[in-house]
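The first residue in the sequence is number 1, and the count goes up from there. Since the model is a prediction, treat every value here as computed from it, not as a measurement.
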Amino acid sequence: QVQLVESGGGLVQAGGSLRLSCAASGRTFSSIARGWFRQAPGKEREFVAAISRIGSITLYIESVKGRFTISRDNAKNTVYLHMSSLKPEDTAVYFCAARHRLGESQLVAGYDYWGQGTQVTVSS
């Protein structure tokens, strides 16, 4: 089992920045790929970014490329999502996810473990 706990959400003005963190505990952290998803009210959960086991591969949804950066510190069992140039449409609950399967995934079904989510609100 892997437990994931997100932090760092909050209220920010458009154009501002936030850094989300996701701390993992339980099974060996470094053996798993990680991802960030988000879910806005009335919408389905969508992929935002993913990072490979050792951080050599990163994936992003088109709308956040150049603004968001996913990174990981395996020594701290933590994955980060650095968000800059935030827009009101980035407002959502952001979820951290982890998978024990090979490779990375942009699918909700591709992940085995989920955090409880952290709210990000961007005001215009």
Let me have the donor-acceptor pairs involving side chains of residues 57-64, under 3.5 Å, with sequence neighbours excluded, atom names and distances please.
unit_1, atom_1, unit_2, atom_2, d
Y60, OH, I70, N, 2.9
E62, OE1, K65, NZ, 3.2

From CA spacing to verdict: side-chain contact (heavy atoms from CB on, under 4.5 Å), D73, Y80: CA-CA 8 Å; D73 185 338; Y80 305 96; 4.1 Å; yes
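- In terms of the ring pair (Phe, Tyr, Trp, His ring centres under 6.0 Å) criterion, F68 has no residue partners (sequence neighbours excluded).
- Side chain of T78 to main chain of K76: a donor-acceptor pair is present (N/O by atom type, distance under 3.5 Å, no hydrogens or angles).
- Side-chain contact annotation: E89 with T91, donor-acceptor N/O pair under 3.5 Å absent.
- Closest approach of M83 to L20, counting heavy atoms only: CE-CG, 3.8 Å.
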V79/W36 under side-chain contact (heavy atoms from CB on, under 4.5 Å): CA gap, chis, key distance, verdict: CA-CA 9 Å; V79 169; W36 285 97; 3.5 Å; yes
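- Residues satisfying the side-chain hydrogen bond (donor to acceptor under 3.5 Å, both in side chains) criterion with R67, sequence neighbours excluded, are D90.
- For residues 102-121, the set of pairs meeting the salt bridge (Lys or Arg N to Asp or Glu O under 4.0 Å) definition, not counting sequence neighbours, comprises R101-D112.
- Evaluation of the disulfide bond (SG atoms under 2.5 Å apart) test over residues 45-106, restricted to residues two or more places apart or in two chains, returns C22-C96.
- Among residues at least two apart or in separate chains, ring pair (Phe, Tyr, Trp, His ring centres under 6.0 Å) pairs with a member in residues 101-124 are F37-Y111, F37-W114, H100-Y113.
- A search for side-chain contact (heavy atoms from CB on, under 4.5 Å) contacts involving S124 returns P88, not counting sequence neighbours.
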Could you give the side-chain donor-acceptor pairs of residues 11-18 under 3.5 Å, partners two or more places apart or in another chain?
none

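- Under the rule for a side-chain hydrogen bond (donor to acceptor under 3.5 Å, both in side chains), the partners of S25 that lie at least two apart in sequence or sit in another chain are Q3.
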Criterion side-chain contact (heavy atoms from CB on, under 4.5 Å) on S21 and E6, from CA distance to verdict: CA-CA 6 Å; S21 300; E6 302 99 333; over 6 Å; no
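- Note on residues 47-77: no pairs pass disulfide bond (SG atoms under 2.5 Å apart), not counting sequence neighbours.
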Pair up each side-chain donor or acceptor in residues 39-49 with any protein partner under 3.5 Å, not counting sequence neighbours, and list the distances.
unit_1, atom_1, unit_2, atom_2, d
Q39, OE1, R45, NE, 3.3
Q39, OE1, R45, NH2, 3.4
Q39, NE2, K43, O, 3.2
E46, OE2, R38, NE, 2.6
E46, OE2, R38, NH2, 3.1

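- Between A24 and V2 the shortest heavy-atom distance is CB-CG1, 4.4 Å.
- Residues satisfying the side-chain hydrogen bond (donor to acceptor under 3.5 Å, both in side chains) test with S7, not counting sequence neighbours, are none.
- Side-chain atoms of R99 come within 3.5 Å of backbone N or O of G110 as a donor-acceptor pair.
- Distance check: L102 CG to I32 CD1 gives 13.0 Å after rounding to the nearest 0.5 Å.
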